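For reference, the structure discussed in these notes is given below.
This one's a predicted model, so the numbers in the text were calculated from it and none came from an experiment. For the numbers below, each heavy atom of this structure counts, side chains included, while hydrogens, waters and symmetry mates do not.
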Number of protein chains: 2
Amino acid sequence: MPNIKKVAEYAGVSIATVSRVLNGQKTVSPQTRIKVEKAIKQLNYEPSILGRNLRNSETRLLLVLIPNISNPFYSKIINGIENTALKSNYNILLCETDSNPEREKIYFDLARKKMADGIISMDPQVDKDTLIEMAEKHSIIQCSEYTLNSTIPYVTIDNENAAYLAVKHLLSLGHSKIAFINSDVKFTYARQREAGYKRALGEAGIDAKSDWIYYSQELDFVNGQQAMKKFLNLDEKITAIFAVSDLLAIGALKEINNNKLSVPDDIAVVGFDKIEFSSMTNPTLTTIEQPMYKMGNIAAKMIIEKIHGKEVENVILDHELVIRESTLG
Amino acid sequence: MPNIKKVAEYAGVSIATVSRVLNGQKTVSPQTRIKVEKAIKQLNYEPSILGRNLRNSETRLLLVLIPNISNPFYSKIINGIENTALKSNYNILLCETDSNPEREKIYFDLARKKMADGIISMDPQVDKDTLIEMAEKHSIIQCSEYTLNSTIPYVTIDNENAAYLAVKHLLSLGHSKIAFINSDVKFTYARQREAGYKRALGEAGIDAKSDWIYYSQELDFVNGQQAMKKFLNLDEKITAIFAVSDLLAIGALKEINNNKLSVPDDIAVVGFDKIEFSSMTNPTLTTIEQPMYKMGNIAAKMIIEKIHGKEVENVILDHELVIRESTLG
DNA sequence: TATTTTACTGTAAACGATTTCCTGACAGAA
DNA sequence: TTCTGTCAGGAAATCGTTTACAGTAAAATA
């Protein structure tokens, strides 16, 4: 494999000159430039990033921490991150933590050892203390889920108002027995959405029964089904469901179908995220739309600015209620 | 930031000794080792991977080329790759090509510039000539989709027999007008599955009408719906569908529902991949199961062996027909 | 003509590790 | 006592770049 030295020898110039040509510096005479370019082509030379990385002490790699790549919610955000990052010549190292602290450690170590220039954390399960400690020496931002009372910049939506909006919609349809499939309240977003749910019910003069809230361990179909099973066993029949994720809502939908009940006639369902699947279910799912792609874009922009030493501000993006068949009629 | 030199000075030993401690070499006396370890802790030193990478000319990074991260089929494979890679201390750089040659170039360049040690290509759209050329100098393997008549090792399933199995199943249920939603025949798997489809029909004495095959540009819901629209407009009504991906099948399912037809009573549907969502549809989807996670495992093992200069053999994994509601009754 | 710019280009020092030699000390054998 | 072998640990080369600094010749200025 040819290196910069070989090219320099072949072209009859110094290493420095080759480097200058490589980096498009203008202080190289046209003739020399041509000579060097010829040598590069002749030798089929490709500059090694390893040398450059060491010299510049950067890798142009971004760590993206997610709990689970299979969740379509994250896929869209990653799309957004990737597109923006690529434009600034950054690549992303996708890190699936699987809610496993060991995994998390592997990835944080990667950053500690300077294998990455910055971290975008989307993992609600991330150990907050570690994150805050890491943030002292490294560039970190949080995307979607964030840590209250920390100085780590974040981009997210107004979870409380989004949940409020969803529940208001169900109330406006005449529902009063509205169940809520939440995730663990150790997550900021879960607490915020629960607050929105309760505020909406409260304003309507309904007090949320504890039976009406199901705390799900994971945000997937199976847990949605499980939640629904519980609700269907209640003495007092609920007539509507609001779930903090479309996957949960779709699981609930499935379970309702399995019990020969109809959505929305027997039970109305509202999800959260507007993942692609949510328009493919039968009936299609009413849901809160999060601008996931945009959130990814912004997250990437933020982390790159942070890496370059700029100050970055928190960003709250808009959400929207998308009304579809699961709450029609 | 402390470097190895600082640690050496602090511990009163040479750089070499610190490195030896770092790498767990046994030719260091216990006292010295302790001294060095103390210094490391005191200074809060983390060895930089950049230096090591340059010296060892490796990055322990694997490029994984996929067309689209949002497709759950790929998520599962990536899961498998990642778990196996991590065990060998490799990390994966996820590369979404988006079927965009420019993107593809960015990622291949990354490998050319030695930012990655090997490539796992899962992108059917990848430019075959480039891939073959790259394979001369770099470690590459293909996963799922592969290039016929090249020497690039691959792991995949027996697509023809899998399709044959699916269609046989429909035939055994009494169907004879079986449509096929394929993707572009420029893909190896598409040609192979079409061959399986035709072989099954042929053996049953049915000749596949060209109207019965729809060539989809992308493997997503929308295209499945589109395909189904075409089929529903045919004069001669088809009674069963076999689609080369679950997403297409689910799109078809949706369109059938939209037309107030019933699955499987009016039209039976078989998909391909057994993605998670395929058990959440109404009715649940009969599908061909691919061992996606395992395929990822094996792909990672193969590329790592290849990087280490070993010979690797192609692998063909088993598939299985999973019969569910969409072909019941 | 003498002096100062300007435009290139080369030299060599980083960057931060790993690893190949090499040396010195010490133990055991002759 | 001398020789040989083993072991711990140091010096320095190396990986492939970038870049500060210096140097030189030609052009511009006085």
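Side chain of N56(A), nearest nucleotide from dG16(D), dT19(D), dT19(C): dT19(D). Of the candidates dG10(D), dT18(C), dT19(D), dG10(D) carries the atom nearest the V13(B) side chain, counting heavy atoms from C-beta on. Comparing dT18(C), dG10(C), dT17(D) by their closest approach to the side chain of L22(B) singles out dT18(C).
When rounded to the nearest whole Å, the span between CE of M1(A) and P of dT14(D) equals 21 Å. Remark: C1' of dA13(D) and NZ of K5(A) are 12 Å apart, rounded to the nearest angstrom. When rounded to the nearest whole Å, the span between CD1 of I49(B) and P of dC15(D) equals 21 Å. Between the C1' atom of dG10(D) and the CD atom of E9(B) lies a distance of 14 Å, rounded to the nearest Å. As rounded to whole Å, 11 Å separates atom P of dT19(C) from atom CD1 of I4(B). Across the protein-nucleic acid pair, E58(B) atom CD and dG16(D) atom P stand 14 Å apart, rounded to whole Å. Rounded to whole Å, atom C1' of dT19(D) lies 8 Å from atom CD of Q25(A). Going from atom NZ of K6(A) over to atom P of dC15(D) covers 9 Å, rounded to whole Å.
Nearest approach of Y90(A) to H308(A), heavy atoms of both residues: OH-CE1, 3.0 Å. Residues F108(A) and V126(A) approach most closely at CZ-CG2, 3.8 Å, considering heavy atoms. Closest heavy-atom contact between Y107(A) and E82(B): OH-OE2, 3.0 Å.
Within the nucleic acid shown, N53(A) has no heavy atom closer than 4.0 Å to any nucleic acid atom. At a threshold of 4.0 angstrom between heavy atoms, the contacts of L50(A) with the nucleic acid are absent. Nucleic acid contact for I15(B): base, since at least one base atom lies under 4.0 Å from a heavy atom of the residue. Across all strands, V18(B) comes closer than 4.0 Å to no nucleic acid atom at all (heavy-atom distances). Nucleic acid contact class of L54(A) (heavy atoms, under 4.0 Å, all strands): base.
For the pair T27(A) and dT9(C), the criterion of a side-chain N or O lying under 4.0 Å from OP1 or OP2 is not met. The phosphate of dA8(D) has neither OP1 nor OP2 within less than 4.0 Å of any side-chain N or O from T32(B). Not one side-chain nitrogen or oxygen of N3(A) sits closer than 4.0 Å to the OP1 or OP2 atom of dT17(D). Using a 4.0 Å cut-off, no side-chain N or O of R52(A) falls inside it from OP1 or OP2 of dG16(D). Distances shown here put every side-chain N or O of T17(B) at or beyond 4.0 Å from the OP1 or OP2 atom of dG9(D). Proximity of S14(B) to the phosphate of dG10(D): a side-chain N or O atom is located under 4.0 Å from OP1 or OP2.
Applying the salt bridge (charged side-chain N to carboxylate O under 4.0 Å, His left out) rule to R112(B) yields the partners D109(B); only residues at least two apart in sequence or on another chain are considered. Applying the salt bridge (charged side-chain N to carboxylate O under 4.0 Å, His left out) criterion to R60(B), with sequence neighbours excluded, gives E58(B).
With the nearest nucleotide of DNA chain D identified for both S29(B) and S57(B), S29(B) has the one nearer the 5' end.
In this structure, the side chain of T188(A) engages the main chain of Y146(A) through a donor-acceptor pair within 3.5 Å. Remark: side-chain polar atoms of E305(B) are not paired, donor with acceptor, to backbone N or O of K310(B) under 3.5 angstrom. Counting only distance, with no hydrogens or angles, the side chain of D184(B) and the backbone of Q217(B) share no donor-acceptor pair below 3.5 Å. Judged by distance alone, with hydrogens and angles left aside, the side-chain atoms of D273(A) form no donor-acceptor pair with the main-chain N or O of I275(A) at under 3.5 Å. Judged by distance alone, the side chain of N68(B) and the main-chain N or O of S70(B) form a donor-acceptor pair under 3.5 Å.
Applying side chain to side chain contact (heavy atoms under 4.5 Å, CB included) to I92(A) and the options L63(A), L61(A), I81(A) leaves one that passes, I81(A). Tested against I66(A) for a side chain to side chain contact (heavy atoms under 4.5 Å, CB included), the candidates D98(A), T97(A), I78(A) yield a single pass: I78(A).
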Open item on the list: Before you tell me yes or no, could you show the steps for Y74(B) and S144(B) under side chain to side chain donor-acceptor pair (under 3.5 Å), namely the whole-Å CA-CA distance, both residues' side-chain angles and the distance that decides it to 0.1 Å?
Closed with: CA-CA 10 Å; Y74(B) 294 113; S144(B) 184; over 6 Å; no
Open item on the list: Before you tell me yes or no, could you show the steps for N53(A) and T59(A) under side chain to side chain donor-acceptor pair (under 3.5 Å), namely the whole-Å CA-CA distance, both residues' side-chain angles and the distance that decides it to 0.1 Å?
Closed with: CA-CA 5 Å; N53(A) 281 352; T59(A) 56; 5.9 Å; no
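The number of heavy atoms from other shown groups lying within 6.0 Å of NZ (K128(B)) is above 12.
Contacts with DNA chain D (heavy atom under 4.0 Å) in residues 36-46 of chain A: Y45(A), E46(A), listed by number. Of the residues in residues 105-115 of chain B, not one places a heavy atom less than 4.0 Å from an atom of DNA chain D.
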Dump the pairs, protein N or O against N or O of nucleotides 21-27 of chain C, anything under 3.5 Å, distances to one decimal.
none

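The distance from the CG atom of L93(B) to the CG atom of N91(B) is 9.5 Å, given to the nearest 0.5 Å.
Each end of the helix from dT1(C)-dA30(D) to dA30(C)-dT1(D) gets its own axis, taken as the rotation carrying the C1' atoms of four end pairs onto the next four within a five-pair window, and the two axes meet at 60° to the nearest 10 degrees.
Not a single donor-acceptor contact under 3.5 angstrom links the side-chain atoms of R55(A) to the base of dT17(D).
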